[in-house]
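Heads up: the structure comes next, in structure tokens.
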Amino acid sequence: MQNGIVYVVIGKRDISKLAISLQTVRAFTDIPIIIWVDDTNLLNTLKVWCNKNIPFVTFNKFERVKYPGSNREENRNSSLFRLKALKESDFDNTLYLDNDIAVVNKIFFEGFNIANDFGITMVENPRQFIRSPFGVGDLDKGLDVVQYDKDFTQEMPNCMMALNMGVTFYNKKSEPFLDELIWEQENNPSRGQAGLYRTIWKTKQFPYALPFQWLVCKKHVNIENPIALHIGHENVYRMFMENYQ
């Protein structure tokens with residue numbers, strides 16, 4: 001079973017935390033890493049830094065998609081190209097990680113074994129609900145959710161579990177689901193997780209859901225037994241610096 005990790009860097013989005021993420025991964029494992037980058041200058045800088053600090057890293061240069069009239073171009077590209085990176089991976093099991101995630105427990109890499117058995121896996125979203133009558137679900141509050149998303153999922157039952165795509169373990173047995181998800185994001189671009197929910201509702205398939213500890217966000221700072229931290233959130237970053245440095 002060959003495992004690998006992919007990152008996607010769009011411009012300088014979350015680039016300030018990428019070094020921390022890479023270092024925390026390398027503290028536990030030497031499995032190969034592929035970093036997708038769309039900016040040539042940044043690509044060259046990352047190559048030099050990784051050659052000195054992070055072994056077994058390769059790079060893939062790509063061209064971002066333009067979304068005229070949207071102020072969420074980097075977010076939408078991140079949502080799309082993380083899926084393409086998983087699709088094009090040659091590994092048996094592939095982990096996609098957001099650039100601002102710090103791994104703090106070696107148990108994190110059990111995710112590869114989970115994906116090997118169950119296919120695609122993601123972490124429970126702190127918003128908990130996809131949509132809800134309380135107005136607190138991911139489709140209710142998420143940025144870049146468009147009317148098409150709400151119309152497509154209008155018959156979806158309330159209070160189904162929302163997911164966070166920032167940690168995604170993938171096995172190719174889930175390729176049909178991934179293909180549908182890519183199609184949705186290419187043809188109806190919006191919030192990445194909105195495309196996920198449309199795909200769930202269309203296929204009636206659901207990724208294996210991991211508990212909050214696998215990606216601790218600001219709502220769950222200081223949760224017991226954390227496994228990975230979303231250090232893009234200021235209070236979670238403080239938690240990381242106080243407890244893991």
Side-chain angles (χ1 to χ4, degrees), residues 1-9 14 17-36 50 54-60 78-125 161-182 192-193 196 199-200 203 205-217 220 223-232 240 244:
M1 182 175 71
Q2 187 179 20
N3 300 324
I5 300 171
V6 293
Y7 289 85
V8 174
V9 180
D14 295 328
K17 300 295 191 298
L18 178 61
I20 295 174
S21 183
L22 289 165
Q23 289 167 336
T24 62
V25 167
R26 275 292 173 263
F28 296 107
T29 182
D30 61 357
I31 62 177
I33 296 171
I34 302 173
I35 304 178
W36 287 46
C50 286
I54 309 293
F56 310 117
V57 177
T58 56
F59 293 85
N60 183 28
S78 176
S79 296
L80 174 61
F81 280 96
R82 71 184 61 186
L83 306 176
K84 288 182 174 290
L86 292 172
K87 171 74 174 177
E88 295 185 19
S89 171
D90 292 326
F91 303 117
D92 298 312
N93 300 297
T94 306
L95 163 65
Y96 165 79
L97 271 182
D98 272 353
N99 303 332
D100 59 348
I101 294 173
V103 178
V104 296
N105 192 307
K106 65 181 180 180
I107 292 172
F108 182 82
F109 299 99
E110 285 285 343
F112 288 114
N113 296 324
I114 296 171
N116 198 56
D117 283 324
F118 295 99
I120 195 166
T121 71
M122 299 173 186
V123 184
E124 187 173 359
N125 191 308
M161 181 186 291
L163 296 171
N164 191 329
M165 301 170 73
V167 169
T168 300
F169 289 92
Y170 168 72
N171 178 278
K172 291 185 183 298
K173 67 178 63 179
S174 290
E175 188 170 30
F177 182 88
L178 181 65
D179 287 342
E180 290 288 350
L181 183 50
I182 291 172
Q193 282 154 197
L196 171 65
T199 303
I200 288 170
T203 64
Q205 298 177 38
F206 197 86
Y208 185 94
L210 298 166
F212 293 123
Q213 283 89 343
W214 288 76
L215 184 53
V216 178
C217 295
H220 295 107
I223 192 172
E224 291 185 352
N225 306 312
I227 297 173
L229 306 178
H230 192 173
I231 57 174
F240 172 75
Y244 299 99

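Owing to the predicted nature of the structure, the values given are computational and were not obtained by experimental measurement.
- Judged purely by atom type and a 3.5 angstrom limit, N105 has no side-chain atom pairing as donor or acceptor with the backbone of I227.
- With respect to K172 and D92, no salt bridge is recorded, no charged nitrogen being found less than 4.0 Å from a carboxylate O.
- Contact detail for F28 and V103: the closest heavy-atom pair is CE1-O, 3.5 Å.
- Between L178 atom CG and K84 atom NZ the span is 10.0 Å, to the nearest 0.5 Å.
- With a 4.5 Å cut-off on side-chain heavy atoms, I5 and V25 count as touching.
- Taking 4.5 Å as the limit, some side-chain heavy atom of F112 sits within range of a side-chain heavy atom of N93.
- Closest approach of L229 and F240 over heavy atoms only: CD1-CB, 3.8 Å.
- Using a 4.5 Å cut-off on side-chain heavy atoms (C-beta onward), W36 and E88 make contact.
- Of the possible polar contacts, one joining the N99 side chain to the V8 backbone as a donor-acceptor pair under 3.5 Å is found.
- Ring to ring, F108 and F169 are close: their centroids are under 6.0 angstrom apart.
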Legend entry - Stepwise side-chain hydrogen bond (donor to acceptor under 3.5 Å, both in side chains) check, T24 with Y244: CA-CA 10 Å; T24 62; Y244 299 99; over 6 Å; no
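- With sequence neighbours left out, the side-chain hydrogen bond (donor to acceptor under 3.5 Å, both in side chains) criterion links K17 to no other residue.
- When each of L86, T168, I35, I33 is tested with V6 by the rule side-chain contact (heavy atoms from CB on, under 4.5 Å), just one qualifies, namely L86.
- Note that CG of L80 is 7.5 Å distant from CD1 of I182, once rounded to the nearest 0.5 Å.
- Separating the OG1 atom in T199 from the CZ atom in F177 is a distance of 5.5 Å, to the nearest 0.5 Å.
- S89 contributes no side-chain N or O that, together with a main-chain N or O of A85, makes up a donor-acceptor pair within less than 3.5 Å.
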Inset, instruction - Would you check, one step at a time, whether the test side-chain hydrogen bond (donor to acceptor under 3.5 Å, both in side chains) holds for N164 with N125? - result: CA-CA 5 Å; N164 191 329; N125 191 308; 5.4 Å; no
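- L196 contributes atom CG, which lies 10.0 Å from atom OG of S79 (distance to the nearest 0.5 angstrom).
- Here CZ of R82 is found 10.5 Å from CG of L97. Values are rounded to the nearest 0.5 Å.
- Checking side-chain atoms of D98 against main-chain N and O of D100 turns up no donor-acceptor pair under 3.5 Å.
- With contacts defined as side-chain heavy-atom distances shorter than 4.5 Å, the pair M165/L83 qualifies.
- Note that the OG1 atom of T121 and the CG atom of N116 stand 11.5 Å from one another [nearest 0.5 Å].
- In this structure, P207 and I200 have side chains that are in contact, with non-hydrogen atoms separated by less than 4.5 Å.
- Side-chain contact check for I20 versus I231: some heavy-atom pair is nearer than 4.5 Å.
- Annotation for D117: atom CG counts as buried by contact number, over 12 foreign heavy atoms lying within 6.0 Å.
- A 4.5 Å side-chain heavy-atom check between Y7 and S21 finds at least one atom pair inside the cut-off.
- Closest approach of M161 and F206 over heavy atoms only: O-CZ, 3.5 Å.
- The closest side-chain heavy-atom distance from L210 to M122 is not below 4.5 Å.
- Across all their heavy atoms, I31 and R26 have their closest contact at O-NH2, 2.8 Å.
- The backbone N or O of Y170 lies less than 3.5 Å from no partner atom in the side chain of T94, so there is not a single donor-acceptor pair.
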